[in-house]
Amino acid sequence: MEIATWNLNSITVRLPQLLEWLQENKIDVAGLQELKCDTDKFPYDELKAAGYHVAVNGQPTYNGVALVSRSEITDVSYDLPGFEDDEKRVIAGTINGIRVINLYVVNGQDPKSDKYSYKLAWLKALTAYLKTELEAHESVVVLGDFNIAPTDDDVHNPKAWKDRILCTDEERAAFNELLALGLTDGLRIFAEPKGQFTWWDYRSQGFDKNHGIRIDHLLLSPRVSARVMETKVYLNVRANERPSDHAPVSVVLR
DNA sequence: ATGACCGGTTGCACCGGA
């Protein structure tokens, strides 16, 4: 069973690439982010025709998340409970006994901005939410675009990124709080070479030069972590014509 | 490098992204 995450940066533009990637790789479950598409404008028919169940928390222009799955999705929930927020950044569902929680974490823009305070508050509410989810479910996968590069090894040029958004000590501490709930960073289960990234700037030939960062993650509860056989970063998808700036990332479970 | 590139908008330059 393969569970993946991909920030599409517009499902309207990326739909053909999404369908091709799902089919070619027989992806079982995917959390999608940055749909930039309202819930009622989601391409339900195309995903259904490809053999997928879907659950959507959409928003026009910004944000928007969805789960797509070959198996049925039950107990779907939306947003962070008890957190006042108009932005559509969270959708969760249960698939084959696994609680899959799909996140599009706040970017934060700049450490001095209001958006940064919002990001830190959002992450605090997320931590509380995940704590209750982990108490309620043994098999949990928290995946998505976390907009945090957890360590300097996750950045092509740590000096240039030092204290910049996605790399501040506070954001990294918040990420470690998530791990401290008992979650494992899926892409770090096996020894990976340095320079394994998931996002590359469209500008300055970022992908060609592998000037990237690792900000898309799959965090796994122990029950799931023990099942991981393989992890994947779909560089070939990032190499497509008219790509998203993020590559799909996945774990394969036994 | 206050840069670049991309998607979306009610647009015809901007904002946000990361």
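Worth knowing before you read on, the calculation uses all heavy atoms, side chains too, and leaves out hydrogens, waters and symmetry mates. Proteins get letters first, then strands, A, B, ... in listed order; numbering begins at 1 in each.
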Using a cut-off of strictly less than 4.0 Å, decide whether A:H246 has a side-chain nitrogen or oxygen near OP1 or OP2 of B:dA18. yes
Does B:dA18 have OP1 or OP2 sitting under 4.0 Å from an N or O in the side chain of A:Y104? yes
Contact list please: residues 146-160 of chain A against DNA chain B, heavy atoms, distance less than 4.0 Å, in numerical order. A:N147
Taking the basic N atoms (NZ, or NE/NH1/NH2) and the acidic carboxylate oxygens, is any pair closer than 4.0 Å for A:K119 and A:E171? yes
In whole angstrom, give me the gap between the C1' atoms of B:dA18 and B:dG7. 14 Å
Rounded to whole Å, please give me the gap between CH2 in A:W200 and C1' in B:dG17. 16 Å
In whole angstrom, give the distance that lies between atom OH of A:Y116 and atom C1' of B:dA18. 14 Å
Expressed in angstrom and rounded to an integer, what is the separation of A:R89 atom CZ from B:dG17 atom C1'? 11 Å
Using atom P in both nucleotides, what's the gap between B:dC12 and B:dT2 to the nearest angstrom? 27 Å
Base, sugar-phosphate or nothing for A:D110? Non-hydrogen atoms, less than 4.0 Å. nothing
Quote, to the nearest angstrom, the C1' distance that separates B:dG11 from B:dA1. 28 Å
Rounded to whole angstrom units, what separation is found between the CD atom of A:Q33 and the P atom of B:dG17? 14 Å
Hey, is A:E192 close enough to A:R188 for a salt bridge, meaning N to O under 4.0 Å? no
Figure out the OH/C1' separation between A:Y118 and B:dG17, and round it to whole Å. 14 Å
Under 4.0 Å protein heavy-atom contacts per nucleotide of nucleotides 4-15 of chain B, with B for base, S for backbone only and - for none: BBSSSS------
When the P atoms of B:dG17 and B:dG3 are considered, how many whole Å apart are they? 16 Å
For the student: nearest non-hydrogen atoms of A:H217 and A:R214, plus distance: CE1-O, 3.4 Å
For a quick test of reading the model, state the closest non-hydrogen atom pair linking A:G93 to A:L67 and the distance between them. N-CD1, 3.5 Å
Using the six-membered ring wherever Trp is involved, compare the ring planes of A:Y118 and A:F83 and label them parallel, tilted or perpendicular (cut-offs 30° and 60°). parallel
Quick one: are A:F42 and A:V54 in side-chain contact, heavy atoms under 4.5 Å? yes
Between the side chains of A:R89 and A:D145, is the shortest nitrogen-to-carboxylate-oxygen separation below 4.0 Å, so that they form an ion pair? no
Please answer whether the main-chain N or O of A:R254 pairs with a side-chain N or O of A:R227 as donor and acceptor at a distance below 3.5 Å. yes
Share the residues that join A:Y62 in a hydrophobic cluster, the rule being Ile, Leu, Val, Met, Phe, Trp or Tyr side chains under 4.5 Å apart at the heavy-atom level. none
Using the P atom as the point on both nucleotides, what is the distance between B:dT10 and B:dG16, in whole Å? 14 Å
